[in-house]
J.: 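Have a look at this one before I ask anything.
Letters go in sequence order (proteins before strands), and every chain restarts at 1.
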Protein chains: 2
Amino acid sequence: METSADNFFFGLLPFTVYFRIMPATIKDIAQSLGISPSTVSRALNDHPQIKDETKKAVREMARKLHYSVNQAASGLRTNKTFSLGVVVPQISNYFFSSVLGGMQKVASENDYQLLICQTNEKEDEELRYVQSLVSGRVDGLLMSISQETQNFDRLAEILSDTPVVLFDRTSEKIPTIHVEAEDYRGAYLATRHLISRGPGKIAHLGGPRKLTVSQNRLRGYKDALEENNISFDPGLLAHCEFDIKKVPEAVDKILAAHPEVKGIFAVNDEIAIEAILALKKKNIRIPEDIAVVGFGDYPIARIVEPNLTTISHYPAKIGERATHHLLKLINHREEAAVMKEVIPCELINRDSA
Amino acid sequence: METSADNFFFGLLPFTVYFRIMPATIKDIAQSLGISPSTVSRALNDHPQIKDETKKAVREMARKLHYSVNQAASGLRTNKTFSLGVVVPQISNYFFSSVLGGMQKVASENDYQLLICQTNEKEDEELRYVQSLVSGRVDGLLMSISQETQNFDRLAEILSDTPVVLFDRTSEKIPTIHVEAEDYRGAYLATRHLISRGPGKIAHLGGPRKLTVSQNRLRGYKDALEENNISFDPGLLAHCEFDIKKVPEAVDKILAAHPEVKGIFAVNDEIAIEAILALKKKNIRIPEDIAVVGFGDYPIARIVEPNLTTISHYPAKIGERATHHLLKLINHREEAAVMKEVIPCELINRDSA
DNA sequence: GTTTCCATTTAAAACGTTTTAAATTTTCTG
DNA sequence: CAGAAAATTTAAAACGTTTTAAATGGAAAC
């Protein structure tokens with residue numbers, strides 16, 4: 001744990017930090033007012049059977065003593081934590097951090113807090129986090145499945161006891177509410193847009209094969225081709241696994257097999273932009289020689305030259321809706337049903353296609 | 001809460017989700033093995049006084065019954081939550097989401113979890129979150145102060161009872177451990193780099209005046225000028241408040257007053273890139289006419305044209321170190337002292353300067 | 001066959017809250 | 001002013017865990 005950065009300490013002030021004076025409890029309030037703890041508890045929770053006068057006195061004393069409720073105790077008694085667990089493959093990533101922002105918003109509007117975990121796409125970390133969150137830490141789970149995850153049995157088993165909403169990276173093996181971007185239609189729109197620019201072959205730089213997201217975008221691409229009587233050619237498809245380092249090679253491979261390619265649809269904006277960089281390095285003009293469409297409308301899309309035409313899929317909205325559903329699951333579980341919400345996509349027409 | 005997106009539901013499968021079969025407790029394990037709950041508790045915690053044979057039996061039964069410890073109960077008894085609260089102005093932002101990634105890493109290595117809140121730069125939300133986190137939810141706090149925050153008294157009071165580490169957005173009014181980027185030196189390096197390109201005026205697009213981060217970067221800029229016998233000219237300084245919409249106007253203002261400007265140092269990469277876009281729109285060549293240096297080394301820095309010369313300040317590292325210090329504070333509070341760690345910066349030389 | 005000692009196990013209390021059921025006080029009715 | 005009804009408060013138990021202090025049982029020592 002110790003690193004060389006330890007050398008960068010400078011003492012600012014020569015005193016030591018102290019803390020954790022035992023915080024005030026309900027009993028303390030009761031004692032100092034000469035009333036019972038149950039009355040204090042009820043007063044604090046605005047129970048109708050408590051006299052207004054008493055409530056006022058209790059609240060005042062609570063403030064005076066810096067009282068704040070012990071969540072562990074309250075949670076133990078009520079079986080509610082007012083926390084939601086979030087399990088994502090990666091936090092520092094435009095898509096997921098935006099989703100998290102949306103989740104935070106809705107959670108906080110409803111007085112819930114977010115416990116956020118990052119799986120690094122590892123199946124075992126994912127399982128460990130889910131396990132830990134489910135054990136009395138959270139009232140429900142928001143989850144986006146890691147790339148690596150193969151075995152859904154254990155996960156489904158753990159989750160069968162807990163309200164959970166899956167978002168973006170979903171699996172039908174976990175029967176619950178799913179919130180996804182309109183990946184299929186987005187890809188369809190993107191591909192159709194490329195086709196509409198004129199005759200020529202359209203290639204696809206795909207994502208990890210296992211992910212439903214990639215699969216749906218691939219289907220959208222294929223269906224758009226088919227609808228325009230273009231037969232799908234596997235030589236025009238390369239999978240980059242969300243890894244930008246693989247892009248130049250993938251572009252080379254496609255161009256070698258099909259020098260006449262007129263358009264590329266990439267599974268996301270990062271890949272699309274790497275493709276643009278690779279094409280520019282070859283002095284291929286965009287969009288005149290090859291047009292490029294991405295997916296996601298990342299902030300870079302309007303910076304890269306040419307500005308990237310892409311599909312916007314509103315990640316914050318995905319987070320908001322997923323959280324909305326989870327809260328509904330938690331608080332009205334009677335009405336809960338297995339279903340899927342798809343957040344609409346939109347084509348953002350810029351200069352790259 | 002209901003939005004039009006509710007229309008996008010399609011039932012997937014016609015059944016309802018059920019959950020929350022009462023989870024197994026220590027008592028259940030004890031009962032099914034015919035031993036006492038205390039023995040079970042100790043066995044699960046690998047207490048040395050428990051026979052190996054007993055431990056094995058307990059662990060097996062725990063697995064069989066899908067037992068997992070109730071954190072609320074355990075936390076209530078031990079006064080430990082193994083959670084760290086994180087309060088940031090914004091989650092979906094390259095800098096903060098990267099910091100969060102670093103925090104998650106160190107926290108998880110030490111079996112801690114992260115409770116993450118977003119203040120949206122609002123003082124009242126900040127106070128509300130801190131209040132709520134501190135009340136028995138977390139063992140300590142990682143915090144980056146919101147822009148709006150004026151009154152540190154209440155905050156300092158609440159935090160005096162809890163281990164807390166401030167990062168990036170710090171304030172000396174809260175005497176504890178601070179972890180910051182080397183803002184002063186980074187700005188100094190950036191400005192010196194611009195000066196070294198040849199004679200000419202160097203402008204600065206500054207951040208929110210209240211933030212120590214902005215202040216330190218401004219100091220670095222000024223000191224680099226002074227060291228090269230260039231007197232600071234307020235007409236070369238414009239504050240954009242981290243708001244990219246204000247950049248074109250700020251650039252115009254500076255250029256109107258000083259058409260002979262040869263370099264611009266921006267408080268962060270986003271601002272720098274907006275400045276580049278604004279300059280390009282005026283057909284000003286970068287870096288030949290005006291050179292630009294940013295701060296942060298965001299992913300866009302290597303995409304924009306020309307590629308942005310910038311200062312890398314390693315956000316994940318900031319998160320890792322802050323968490324490291326907080327865990328130390330929590331677990332060895334005797335050694336705790338008020339101090340500051342500064343994470344080194346580095347100039348990343350690309351094409352814009 | 002006691003006694004001592006050691007290794008294990010256990011009963012019971014505690015953490016701070018909420019809540020059921022009962023008790024107390026106040027107000028109303030005639 | 002008694003008695004009923006209503007309003008308000010309270011005692012005590014419960015949530016699931018950890019932990020102190022005490023108990024149990026068996027082996028070793030005498």
J.: Hey, can you pull the residues of residues 62-71 of chain A with a non-hydrogen atom under 4.0 angstrom from DNA chain C?
T.: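 Per residue number, the list reads A/Y67, A/V69, A/N70.
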J.: Is a side-chain donor-acceptor pair under 3.5 Å present for A/S132 with B/Q113?
T.: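 A donor-acceptor contact under 3.5 Å links the two side chains.
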J.: What is the distance, to the nearest angstrom, from the CG atom on A/L33 to the P atom on D/dT9?
T.: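 Result: 11 Å.
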J.: Please answer whether the main-chain N or O of B/N93 pairs with a side-chain N or O of B/S97 as donor and acceptor at a distance below 3.5 Å.
T.: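 Pair found, side chain donor or acceptor close to backbone of B/N93.
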J.: Distance check needed: D/dT19 C1' versus B/N79 CG, whole Å only.
T.: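 Distance check: B/N79 CG to D/dT19 C1' gives 14 Å.
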J.: Quick one: does any side-chain atom of B/N331 pair with a main-chain N or O of B/K328 as donor and acceptor, under 3.5 Å?
T.: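 No, the answer is negative, given that no donor and acceptor are paired below the 3.5 Å cut-off.
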J.: Would you mind reading off the bend of the helix from C/dG1-D/dC30 to C/dG30-D/dC1 from its two end axes, five pairs each, to 10 degrees?
T.: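 Computed from the C1' atoms at both ends, the axes differ by 60°.
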J.: Heavy-atom contacts under 4.0 Å between residues 38-49 of chain B and DNA chain C, which residues?
T.: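 Result for residues 38-49 of chain B: B/S38, B/T39, B/R42, B/Q49, sorted by number.
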J.: Closer than 4.0 angstrom, basic N to acidic O: yes or no for A/D111 and B/R128?
T.: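 Judged by the 4.0 Å cut-off on N to carboxylate O distance, A/D111 and B/R128 do form a salt bridge.
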J.: Write down the distance between CG (B/L76) and P (D/dA14), rounded to a whole number of angstrom.
T.: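 Atom-to-atom, B/L76 to D/dA14, this comes out as 17 Å.
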J.: Once the angle between the rings of B/F96 and B/F167 is folded into 0 to 90°, is it parallel (under 30°), tilted (30 to 60°) or perpendicular (over 60°)?
T.: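 Ring orientation, 0 to 90° scale: perpendicular.
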J.: How long is the line joining CG of A/D28 and P of C/dG16, in whole Å?
T.: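 Interatomic distance, CG of A/D28 to P of C/dG16: 8 Å.
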J.: Considering non-hydrogen atoms only, spot the tightest contact between A/E148 and A/E123 and give its length.
T.: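 Of all heavy-atom pairs spanning A/E148 and A/E123, the closest is OE1-N, 2.7 Å.
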J.: Assess, by modelled atom type and distance only, whether the side chains of B/T170 and B/E180 contain a donor and an acceptor separated by less than 3.5 Å.
T.: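 Indeed, the side chains of B/T170 and B/E180 share at least one donor-acceptor pair under 3.5 Å.
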J.: Report the distance from atom NZ of A/K51 to atom C1' of C/dT24, rounded to the nearest whole Å.
T.: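 These atoms are roughly 12 Å apart.
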J.: Taking side chain to side chain contact (heavy atoms under 4.5 Å, CB included) as the criterion, tell me which of B/L326, B/I91, B/I116 meets it with B/V86.
T.: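 So, applying the side chain to side chain contact (heavy atoms under 4.5 Å, CB included) to B/V86 and each of B/L326, B/I91, B/I116, only B/I116 qualifies.
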J.: Is there a donor and acceptor pair, one atom on the side chain of A/R77 and one on the base of C/dT18, closer than 3.5 Å?
T.: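 Yes, a donor-acceptor pair under 3.5 Å.
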J.: Knowing that exactly one of B/K122, B/R169, B/Q147 qualifies, which makes a side chain to side chain contact (heavy atoms under 4.5 Å, CB included) with B/P89?
T.: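 By the side chain to side chain contact (heavy atoms under 4.5 Å, CB included) criterion, B/P89 pairs with just one of B/K122, B/R169, B/Q147: B/R169.
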J.: Which of the following nucleotides, C/dT18, D/dT9, C/dG16, is nearest to the side chain of A/T54?
T.: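 Out of C/dT18, D/dT9, C/dG16, the nucleotide with an atom closest to A/T54's side chain is D/dT9.
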J.: If I take atom NZ in residue A/K27 and atom P in nucleotide C/dA14, what distance separates them, rounded to the nearest angstrom?
T.: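 For the pair A/K27 NZ and C/dA14 P, the rounded distance is 8 Å.
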J.: Which of these, B/T78, B/L76, B/N70, sits in a side chain to side chain contact (heavy atoms under 4.5 Å, CB included) with B/S74?
T.: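 The passing option is B/T78.
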J.: Got more than 12 heavy atoms from elsewhere within 6.0 Å of CD, B/E157?
T.: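 Enclosed: over 12 neighbouring heavy atoms sit under 6.0 Å from CD of B/E157.
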J.: Rounded off to whole Å, could you give me the CD1-to-P distance for the B/I26 and C/dA14 pair?
T.: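 For the pair B/I26 CD1 and C/dA14 P, the rounded distance is 19 Å.
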J.: Between B/S36 and C/dT10, is there a side-chain N or O to OP1/OP2 distance below 4.0 Å?
T.: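 So the side-chain polar atoms of B/S36 do come within 4.0 Å of the phosphate oxygens OP1 or OP2 of C/dT10, strictly under.
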J.: Expressed in angstrom and rounded to an integer, what is the separation of B/I50 atom CD1 from D/dT18 atom P?
T.: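 Taking CD1 of B/I50 and P of D/dT18, I get 12 Å after rounding.
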